[in-house]
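The figures here come from the full heavy-atom set of this structure, side chains too, leaving out hydrogens, waters and symmetry mates. Numbering of ligands and ligand atoms starts at 1, following listing order. For clarity, every value in this text was computed on a predicted model and none was experimentally measured.
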Amino acid sequence: MDSGQLKQAVGRLKIETPSWAYGNSGTRFKVFGQPGVPRSPYEKLADAAQVHAFTAAAPSVALHIPWDKADDYRDLAKAADEVGLRIGAINPNTFGDDDYRLGSVCNPDRRVRRKAVEHLLECIDVMEQTGSTILSLWFADGTNYPGQDDLAARQGRLEEALSEVYGALPAGTRMLLEYKFFEPAFYATDVPDWGTSLLHCLRLGERAQVLVDTGHHAPGTNIEFLVMALLRAGKLGGFHFNSRFYADDDLIVGAADPFQLFRIMLEVARGGGLEPSANAGAGVAFMLDQCHNLEEKIPAQIRSVMNVQEATAKALLVDADALAVAQREGNVLAAQDVLMDAFNTDVRPLLAEMRADQGLDPDPVAAYLRSGYGDTIRAERVGGTAMGWN
Ligand code: PSV
Ligand code: MN
């Protein structure tokens, strides 16, 4: 691929940012407030628009309901449009209510299960009102102790809930099922891994696909392998990108292990996942799912978008012909060289050029910091209740 094609391919990549990245966040020990943080979903959209303005790569924002509850979702979608954005995935929240102590859709109590399903259906309404095409599901359901509940019965309840919700999906939309091997349940999580998610998605049908959150695996998991396998099966719905040192750290993607991000994007590229035609035309949804507890939020999202672009550019630089020859000949060292040559290439000058071609500042973070937007929101957003986890 020559540099012109590479710039075009990376330029086509779109990365969704999460509304919750713009609000206050922290750990279970402390949520730190930052000045200038949005007080409404509308202000979150304004911040997300900055990320897109400086990168031209983040045109959509995921919502989390009810964190982003609005009186009028059509109006919210209109506000997004006015700042050059659209509403991306709708993420129902079935973990932030006392009723969900023993789970949501897997809860032994039929009343609680019904409440959770009703919320999922309400989120489908939100999709219809905002033009969203993705319902992105993650369940905090699980058990803390062996024997606490019947593991198989919980799968049955999950199956029942998913079937009802799947049946209510509007035409042209899809459902992504995210897995996580731990947290908040300690003994058994009801959707712990891509295998469990895939089993449910296969049973549901074509419009149910697996969502890979890069922070949700045991240490040492070969994430690029499962990405390859899901893509081959047409079941890689999308990503929640972030970075982990220990657990689900939700840090800037590529911060802990840029080589892993490169390997993931390499499998995405080789499997055709960068093409809009992937997944029977639905494409792979590239989304960030990270929070910035210490650092400034908007430039941190910009940095994250750039990290995905850099990893993708390096993946596209891999000399496929040379790699094929090395693999055919069983030349392990040569194959390794091909990969490392691409990974060790400094793609930043090329991406700076790509941005200049797009009419952007070649250095988006610096340009944002110079813009004065941060000072403006810190001065203007005084009073009211900052949005966040608390
Ligand atoms: C759970 O850890 C998760 O990755 C899910 O995607 C949630 O929706 C999100 O984080 C909440 O921050
Ligand atoms: Mn996630």
* Asked: So, for F95 and H64, is the gap between ring centers shorter than 6.0 Å?
  ->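 So the answer is yes for these two rings.
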* Distance flag, aromatic centroids of Y179 and W138, threshold under 6.0 Å ->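 Centroid separation for W138 and Y179: 6.0 Å or greater.
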Proximal heteroatom of [X] relative to the Mn ion (ligand 2) (N/O/S):
X: D289; result: OD2
X: D213; result: OD2
X: E178; result: OE2

Hey, is [X] touching ligand 1 through its side chain, its backbone, both or neither, going by heavy atoms under 4.0 Å?
X: E183; value: neither
X: D289; value: side chain
X: D248; value: side chain

* Might you confirm whether atom CD of E206 has over 12 heavy atoms from other residues, nucleotides or ligands at distances under 6.0 Å? =>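 Atom CD in E206 is not crowded, with 12 or fewer foreign heavy atoms closer than 6.0 Å.
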* How many angstroms lie between OG1 in T130 and CG in D125, if you round to the nearest 0.5 Å? ->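 Taking OG1 in T130 and CG in D125, the distance rounds to 10.5 Å.
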* Asked: About how many Å separate CG of N24 and CZ of F32, when rounded to the nearest 0.5 Å?
  ->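 F32 CZ to N24 CG: 11.0 Å, rounded to 0.5 Å.
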* Number the atoms of ligand 1 from 1 as they appear, then name those within less than 4.0 Å of a heavy atom of H240, with their elements. =>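 Those qualifying, in numeric order: 6 (O).
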Which protein heavy atom lies closest to [atom], and at what distance to 0.1 Å?
atom: atom 6 (O) of ligand 1; result: E178 OE1, 2.7 Å
atom: atom 12 (O) of ligand 1; result: W20 NE1, 3.6 Å
atom: atom 8 (O) of ligand 1; result: H64 NE2, 2.9 Å

Between [X] and ligand 1, does any nitrogen or oxygen pair lie at a separation below 3.5 Å?
X: W67; result: no
X: N91; result: no
X: W138; result: no
X: K180; result: yes

* Asked: Between S132 and I90, what is the shortest heavy-atom contact and its length?
  ->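 Taking every non-hydrogen atom into account, OG-CG1, 3.5 Å.
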* Heavy atoms only: give me the nearest G238-V284 pair and the separation to one decimal. =>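 Minimum heavy-atom contact is CA-CG1, 3.9 Å.
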* Asked: Looking at ligand 1, does H216 have a heavy atom less than 4.0 Å from it?
  ->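 Checking ligand 1 against H216, which is what was asked, there is a heavy-atom contact under 4.0 Å.
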* To do: Using 2.8 Å as a strict upper limit, say whether an N, O or S atom of H240 approaches the Mn ion (ligand 2) that closely.
  =>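 Of the N, O and S atoms in H240, at least one lies under 2.8 Å from the Mn ion (ligand 2), which means yes.
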* Are the side chains of D68 and K44 in touch, meaning some heavy atoms are under 4.5 Å apart? ->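 D68 vs K44: side chains touch.
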* Salt-bridge present (E267, R232; N to O < 4.0 Å) ->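 Salt bridge flag = no for R232 with E267.
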* **Q290: which of D249, T214, V253, L251 passes side chain to side chain contact (heavy atoms under 4.5 Å, CB included)** =>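 Output: one option passes, namely V253.
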